[in-house]
Amino acid sequence: LAQSVLLLNPMVCSLRTCLNPIAWGAALGDLLIRWVRRSTILTFLFFDICIAGLTIYFYVRFNSVARLGWILTCWRSYVFATTVRICISLFGVYGVCSRCVKVTRMYYAFLFLAAWLTFYVILPVNWLECKCVSWAQCSALTSFKNSTDNILNPYFEPSDVVERHMPYEEPPADPDEIPTVDYKVLEAKEKNKPNGKFKEGVNKVITENNKGGLLDVGNAAVLDDEDGKAAGAQSDCTFVHGRVVNKRRGTRISSALSLDAIPADNHLTAAAAALASATVASLQTFEQIMDPAVNKSAEGKHGGEAEETKDSLPAVHFFNVIQAGIELHSISDKPTCTHQTIDHATMVARSTELDNLHAGKERKLDTKLESEMYMCITDQLCGAVSIELKLLGNGTDGNSQFDSIVCQLSYQIVPKLGAVQKYTHFFEKNPISIKDDLGSSKTEVSKFYHDALKGLTPQEGMVKIQKMQKEKCMCDEPKADFRRRSCRTYQDVYGVDHAWCWVRKDLRVYKACEEKGIKLFLHEQSGRVWTEDICTRVACKCSGIGMYPIDPKDSDLDDTLLDPNKLNYGGSCQKWKKSDKQKWCYAGYDTVCPDRAKQFGAWGPANGIKQQWSQYHSKLPCDKEEQETLVETASSWCKNISIPAEIVLITSFVLYLPMIIIIFKFISNRCGDDFEVTDSFDVIITDSEDDEEDEWQAGSGDKEGKEGKKDKDDDDDDDDDERENAKPVTQEAEPPANPQ
């Protein structure tokens, strides 16, 4: 053990010597002092200027990286800071080359500013992750793409961006802390206005109580009757069903469906009873298909991108044909009807098609009728369609004209035996068939818009689109500055993004929102209604609704993609123009796509069609796989460029630390290259007395030198005395010769 201790002692002493900070500091200072010369400083300045030049190129070429900076987020700020750094270095070159102490001292003062600027421009590069994980990171990544296609940013712009695609605005109140407002409250407010702005809308929405013996579902006593007895309802119907919407609209009571027997004189046939049973069984499935708040699997499965448009089955395949003699009535709202004047031949053709349907023959109808039925499929609140052919005037068979009336009935419908018109037919929507078709084709319900519009003229299609949208639950009217309309974004206290919007001022819109379970809030100061649910449910996807091109003769249009009526323009993800670099589609009148935009604030007027609302268009719902490839490629380039750039910038910053000492010594030496180094003392360890004596004598060289100098001075004095005492030998001078 003693031997081990003896062996370890030298090792411990050596380790202490190596780790001695004083020794390291002295060695480092010694090394730096050896480099105190003009050539060293000029080399550093030249290197610093070169790195600064590369930094300027980096921020000009990859300018989006500056968004990651601290406080300053404009690339011009970093270019300016680096330019100042270059000016400081050039000023230092002048002072060092001229060996002007005053100028060099001024440069030394600016050297600390240059070091801070060097550190500041490193920050964005250091914080660059080369991943699309936030708006700033994704924006920085777009600078490293090596293709003509752009990397689309799926995040909302921060609040400091002036030209935002979606406006940043705080909601009027916290939706978690205020109560929702009921439709009946809004209706009462509008009815109490002396000159209500929505008088016309009120008249269209208010349901006539007990008209035609139908159940008044607006009666709260009836809705709350758990026994299912429709007390006070005068009806000759045998079965009544309805869906109860919770007043708070936080939850949907889809199971609150009643099929209650009510005594009546006339009973429905077995077919009518089967109809009512099928309606009850399939209504919940209908909600799952049509309501994104109930069923979000479609968006996750298909990624929100519209597939290539394909023709669907005839519309009648998604409807149940109601037996002759039974008519359907809407409980809550009046039917929405369209009229078309047709001649006798067209009437005969349509009547034959309808008769064939009842006979179980070919399940196909006229394109106009099919269009109305497809529209019903796309509308969540539509439950059935009625088709009526009505004679106009008293013309003869060959010259008579007929009114083709197609009505959409609300999903709250009841069958009724009555005097059905001869040429009136009813069709109930079959949600199960719709769900099976969407599942097999891996598409969304929006695909039926294409089928609904392809059989119409441009004028008919655009009018139908506008009319359909006016009766839907939507945000404020899409007019004026579209950048400040529709959905707005804000962040909560946890930094999570949310979206909200003002609801369009129309009682029909309020009613539609309530039917869909949208939570509405009333802003008392302005009297306006707002919500978050519209923006939450629309998501970022193609609407499926095409629109007629404003300039149908534009040579840039790709006619190979357009239908004959051109109403599919923008309805799905395509490069609709030859100059388009990426696919795009219309995203709807309300959308939360971060890249949403409009070419014009409103559509038209064009080609004889009046001006109407225009949809937002977006690229984000399209080519998601291609976007992933672009991000992956850009990420690789980003790492290959940013990592070496960061290493060089950090190296240039670290070099400032020793140069501060070197330049200080250079100035202390009056800008001279030679700096005399003197040893204060030397420590020498010896073992013998002779060595100590020798070292002492060697160390006393100065004393001996002084004694030697004193002896030499004494010798010089002796020589002077001898010269003074010496008698010189001289000859007497002869007198000058006589000049004579």
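Here the structure is a predicted model, which is why all the values come from computation and not from measurement.
- Neither side chain, E532 nor H498, offers a donor N or O lying under 3.5 Å from an acceptor on the other.
- On the SG-SG cut-off of under 2.5 Å, C475 and C501 qualify.
- To the nearest 0.5 Å, the span separating SG on C487 from CH2 on W500 amounts to 10.5 Å.
- With respect to the salt-bridge test (charged N to carboxylate O, under 4.0 angstrom), the residues D451 and K454 qualify.
- Listed for the S371 side chain is a donor-acceptor partner under 3.5 Å among the backbone atoms of A452.
- With values rounded to the nearest 0.5 angstrom, M166 atom CE is found 11.0 Å from D595 atom CG.
- Inter-residue side-chain proximity for L328 and V414 is flagged as unmet; no heavy-atom pair is nearer than 4.5 Å.
- Between K447 and D437, at least one side-chain nitrogen of the basic residue sits less than 4.0 Å from a carboxylate oxygen of the acidic one, meeting the salt-bridge criterion.
- When C542, C585, C573 are each tested for a disulfide bond (SG atoms under 2.5 Å apart) with C622, only one passes: C573.
- With respect to the salt-bridge test (charged N to carboxylate O, under 4.0 angstrom), the residues E372 and K464 qualify.
- Judged by distance alone, the side chain of Y155 and the main-chain N or O of A136 form no donor-acceptor pair under 3.5 Å.
- Taking the six-membered ring where the residue is Trp, the centroids of Y569 and W584 are separated by under 6.0 Å.
- Counting only N and O atoms by type, the side chains of N430 and H317 include no donor and acceptor under 3.5 Å apart.
- In this structure, the separation between CZ on F319 and OG on S433 is 10.5 Å, given to the nearest 0.5 Å.
- Atom CG of D559 and atom CG of D563 lie 11.5 Å apart (nearest 0.5 Å).
- The closest side-chain donor-acceptor pair between T489 and D497, if any, does not fall under 3.5 angstrom.
- Ion pairing between R485 and E477 fails under the 4.0 Å rule for side-chain N and carboxylate O.
- Using a 4.5 Å heavy-atom cutoff, the side chains of L438 and I434 are in contact.
- Inspection of the D558 and T560 side chains reveals an N or O donor paired with an N or O acceptor under 3.5 Å.
- Distance alone, capped at 3.5 Å, places no donor-acceptor pair between the T591 side chain and the G588 backbone.
- For the atom pair SG of C473 and OH of Y510, the computed distance is 10.5 Å after rounding to the nearest 0.5 Å.
- In summary, the aromatic rings of F318 and F448 are positioned with their centroids under 6.0 Å apart.
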* Could you walk me through whether E515 and K511 pass the salt bridge (charged side-chain N to carboxylate O under 4.0 Å, His left out) check? -> CA-CA 6 Å; E515 294 291 345; K511 183 68 173 178; 3.8 Å; yes

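- N153 and S139 share no side-chain donor-acceptor pair at under 3.5 Å.
- Atom-to-atom distance recorded for E157:CD and R164:CZ is 5.0 Å, nearest 0.5 angstrom.
- In this structure, Q627 contributes its side chain and L152 its backbone to a donor-acceptor pair below 3.5 Å.
- Looking at K577 and D556, no side-chain N of the basic residue comes within less than 4.0 Å of a carboxylate O on the acidic one, giving no salt bridge.
- Here the side chains of M462 and L567 are in contact, with some heavy-atom distance below 4.5 Å.
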